[in-house]
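Every chain is numbered from 1, with letters handed out A, B, ... down the list of sequences.
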There are 2 protein chains.
Amino acid sequence: MTSDGIGAAFAPHDHSHCSARALADAAERLASEGARLTPVRRRTLEILLENHRAMGAYEVLDRLAAEGFGRQPPVAYRALEFLVQHGLAHRLQRLNAFAACLHPGEEHQPAFLICDRCDRIAEVPSGPMRAALAEVAAGSGFAVDRVTVEAVGTCAICAEDRG
Amino acid sequence: MTSDGIGAAFAPHDHSHCSARALADAAERLASEGARLTPVRRRTLEILLENHRAMGAYEVLDRLAAEGFGRQPPVAYRALEFLVQHGLAHRLQRLNAFAACLHPGEEHQPAFLICDRCDRIAEVPSGPMRAALAEVAAGSGFAVDRVTVEAVGTCAICAEDRG
DNA sequence: TCCGTCATGTTATGAAGTTACACTTGGCTT
DNA sequence: AAGCCAAGTGTAACTTCATAACATGACGGA
């Protein structure tokens, strides 16, 4: 995780700055992997970054379609899947939704904090949890591949606002 | 967790025995809560117990319909939701599916091990993970309500069978 | 017995995700 | 330069998952 604080996603901050940096990072990372950040893919990532929250595939698709890209589901799903596979976005199981990864390359399987009042999400390190799970799993001979850790609750801002 | 071993769900065992016990427990628990284990609900729980794996709502619905219950989605979804709310079944986010709870009353938010070869699942204690998550979440002022922990991987039996 | 509540059933609809296939593009070979 | 192949983008059609809205039936308490 970066040093900008774990709950930074819930705090007010400069979207345009963090988006621009994330986008630049993404382009660089993909180039070094030989993967192409095509217009649809780039725009999909931008949309996720701009909104800074989890978005459904169809919500993303609507925006893509409005901007002249294809208007059929596979257009969005393919772009989103590409981003997820390259660690630039995450899929949130509880929400059937996707969100841009704010810390690409640092923690590929973070845990998520999902505020059910404002719909914003935060990524937190899941290392300790994954270690604990892998240990208990190993005890029964289960080899863990991928882990999903998603917490639903109330973020500090919403707790303050509405009691 | 019971003392029958964490990975018991992946090991060969007597389904009819554990099903019968789970069913008896369920009836008792519900009675003490004033909730009714009606025919649809009972049969839904039995179906989950018999199969001993995660099942989609429509798969459950097919069986219910074949046995004379309603054949529309809400029939299954309502029964499944009832079971989940009373701690007798779990919803698996990664699979859009449901599974009978094998340890009712003991651990209401277990972690799940999902074998992607045989589709069987196991429940393991999630206490340590939830504690770790709550701690890191508290650091950013996030109050955790519910946590989903689901691991996909390979169970011991499948690892042995297919290398 | 009347009434209210819970439970079950239906139709209809909405939301999420996939399959299959056609066309284009851009790099690589020869 | 021509031809080829793989990757990318687009479409139509469909499956799967889930809920809304409403009617009917069952049961217990006043």
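To the nearest angstrom, P of D/dA7 lies 14 Å from CD of A/E81. Note: CZ (A/F82) to P (D/dA7) measures 13 Å, nearest angstrom. For the pair B/R41 CZ and C/dG9 P, the computed distance is 11 Å after rounding to whole Å. Rounded to whole Å, atom C1' of C/dT8 lies 18 Å from atom CZ of B/R42. Spacing between atom CG of A/L37 and atom C1' of D/dT9 amounts to 15 Å, rounded to whole angstrom units. Atom CZ in A/R94 sits about 13 Å away from atom P in D/dA18, given to the nearest Å. One can place CG of B/L80 at 11 Å from P of D/dT19, the figure rounded to the nearest angstrom. We find that CG of B/L61 is positioned 15 Å from C1' of D/dT15, with the value rounded to whole Å.
Separation of the A/H90 and A/F98 ring centroids does not fall under the 6.0 Å cut-off.
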With sugar-phosphate taken as primed atoms, P, OP1 and OP2 and all else as base, the protein-contact string of nucleotides 10-22 of chain C at under 4.0 Å (heavy atoms; B, S, -) is BB----BBBB---
Take B/R63 and B/E46 through the test salt bridge (charged side-chain N to carboxylate O under 4.0 Å, His left out) and record every step on the way to the result. CA-CA 11 Å; B/R63 309 216 181 196; B/E46 285 174 358; over 6 Å; no
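Around atom CD of B/E59, more than 12 heavy atoms belonging to other residues, nucleotides or ligands sit under 6.0 Å away. More than 12 heavy-atom neighbours from other residues, nucleotides or ligands sit within 6.0 angstrom of CD on A/E67. The environment of B/R71 atom CZ is sparse: at most 12 non-hydrogen atoms of other residues, nucleotides or ligands sit within 6.0 angstrom.
With sequence neighbours excluded, the residues that form a ring-ring contact (aromatic ring centres under 6.0 Å, His included) with B/F142 are A/F10.
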